[in-house]
Amino acid sequence: MTPPAPELLEAARGGDEDAFRRIVEPHRRELQAHAYRMLGSVHDSEDAIQDALLRAWRGLPRFDGRSSLRAWLYKIATNTCLDVIGRRQRRWLPIDHVAAADPHDGVGRPLVESVWIEPYPDVMFGLADGYAAPEARYELRESVELAFIAALQHLPATQRAVLILREVLGFSAQEAADTLETTVASVNSALQRARKTIDERLPDRSQQETLRALGDERLREIVEGYMDAMQRGDVEAVVAMLAKDAAWSMPPLATWFQGHDPIAVFLANGPLSGAWRWRRLAASANGQPAVAAYTWRDDEQCFRPFALDVLSIRGDRIEQVTAFIARSDEPRPHEEFASYPDHALDDAKVVAVFERFGLPDRLD
């Protein structure tokens, strides 16, 4: 990326807010993605980048130019994220948090929303193809896939930062050490441990590799077939599209189901029971195909957001459906969550799970 003009940087150092905005704006989207990788939450990443840019504004008069502006901003953003991690609990996907459930026991209650990983709106924030640098190990799109983000959350904070800086952004060991104010030896040690954990948790093939192997036409067939079968309420057709060990989770619900029979029971007694009218739109999240589900609301006479189903694919089968639900999770008897589509919308979740993805908040 071209460095800012010296006169623009000097103006920003002198307190020109417009000049500051112009020199940091080209970096905002990549910093946002960086914070999301670190934190697993779009909401937390937005807050962290706001805080980081405020720190950058206050610290700009002390920026001596020995590193690039980009590297300096990454240092501030990374350390801001480390501060956030130190103040809150780790985020998860349900499949990493509890064991698979028996569908005859119902769907249970939601857990506190802040424990869950959030979907990443790659369309709104933008996500380049390819690698950030020749030295990077992971593609930029691979680095926001749900499986990758979930694996990152299992790393201690410093290991997480080191792996992202070295393997996603392509920083040298010295640059990573400068960012974290530590030694090259410490960075190399942290990277070795982080690689072991990540390699154990990631699937053999990334979603990007799988999607390229499928091709656009076959992927479109899978997504449209899923939407059609769900729309018709055809449980057998949906299950036939799933891998035998497929998982179906629904944050903020902790409950999730695994395998054809349990998922079929859940679908037949839940979303495909015929109790609700649905509409669906194709979407994208975390560099993966997704489907937005809306339910009919008699009180509003329109379809309103219910969940964003993010699809993970293995071969030509769906191996995971992660349905991010946009309804209220306020405490109530657990049996009432069997009729979750009837619950009130959560406005903040509608923004986080639909509007940020360019999806409408109602369908006629």
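It should be emphasised that the depicted structure is a prediction, and the values quoted were computed from it without experimental measurement. Values reported hereafter were calculated over all heavy atoms of this structure, with side chains retained and with hydrogens, waters and symmetry mates removed.
Between the side chains of Arg193 and Thr197, no donor-acceptor pair of N or O atoms lies under 3.5 Å. Side-chain N/O atoms of Gln207 and Ser312 include no donor and acceptor closer than 3.5 Å. Looking at Arg37 and Ser143, their side chains do bring a donor and an acceptor atom within 3.5 Å of each other. Judged purely by distance below 3.5 Å, without hydrogens or angles, the side chains of Thr183 and Ser186 pair a donor atom with an acceptor atom.
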Worksheet item: Given Glu221 and Arg218, is the salt bridge (charged side-chain N to carboxylate O under 4.0 Å, His left out) satisfied, shown in steps?
Response: CA-CA 5 Å; Glu221 289 174 356; Arg218 180 65 182 122; 3.2 Å; yes
Discussion item. Assess the residue pair Asp44 and Arg88 against the criterion (salt bridge (charged side-chain N to carboxylate O under 4.0 Å, His left out)); give the C-alpha distance rounded to whole Å, side-chain angles, the decisive distance to 0.1 Å, and a yes or no.
Written reply: CA-CA 10 Å; Asp44 287 354; Arg88 64 138 174 90; 3.1 Å; yes
Fill in: Test salt bridge (charged side-chain N to carboxylate O under 4.0 Å, His left out) applied to Arg137 and Asp199, step by step
CA-CA 12 Å; Arg137 181 183 179 193; Asp199 289 345; 3.0 Å; yes
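Checked against the 6.0 Å centroid criterion, the rings of Trp116 and His97 qualify as a close aromatic pair. Between Phe257 and Trp248, the distance from one ring center to the other does not fall under 6.0 angstrom.
Residues forming a side-chain contact (heavy atoms from CB on, under 4.5 Å) with Glu142 (at least two apart in sequence, or on another chain): Tyr138, Glu139, Glu145, Ser206, Gln208, Glu209. Residues forming a side-chain contact (heavy atoms from CB on, under 4.5 Å) with Arg90 (at least two apart in sequence, or on another chain): Trp92, Gln153, His154.
For Arg279 and Phe303, the positive end sits near the middle of the six-membered ring, less than 6.0 Å away and at most 45° from its axis.
Without hydrogens or angle criteria, Arg22 side chain to Leu8 main chain gives no donor-acceptor distance under 3.5 Å. Checked by atom type and distance alone, the side chain of Arg160 never pairs as donor or acceptor with a backbone atom of Ala194 at under 3.5 Å. The backbone N or O of Leu311 lies less than 3.5 Å from no partner atom in the side chain of Tyr226, so there is not a single donor-acceptor pair. Under a 3.5 Å cut-off, the side chain of Asn269 and the backbone N or O of Val265 do form a donor-acceptor pair.
Atom CG of Asp64 has more than 12 neighbouring heavy atoms from other residues, nucleotides or ligands inside a 6.0 Å radius.
Classification of Glu175 and Arg166 as a salt-bridged pair fails, no side-chain N sitting under 4.0 Å from a carboxylate O.
Under a hydrophobic-cluster definition in which Ile, Leu, Val, Met, Phe, Trp and Tyr are linked whenever side-chain heavy atoms come within less than 4.5 Å, directly or via other members, Trp276 and Ile325 are assigned to the same cluster.
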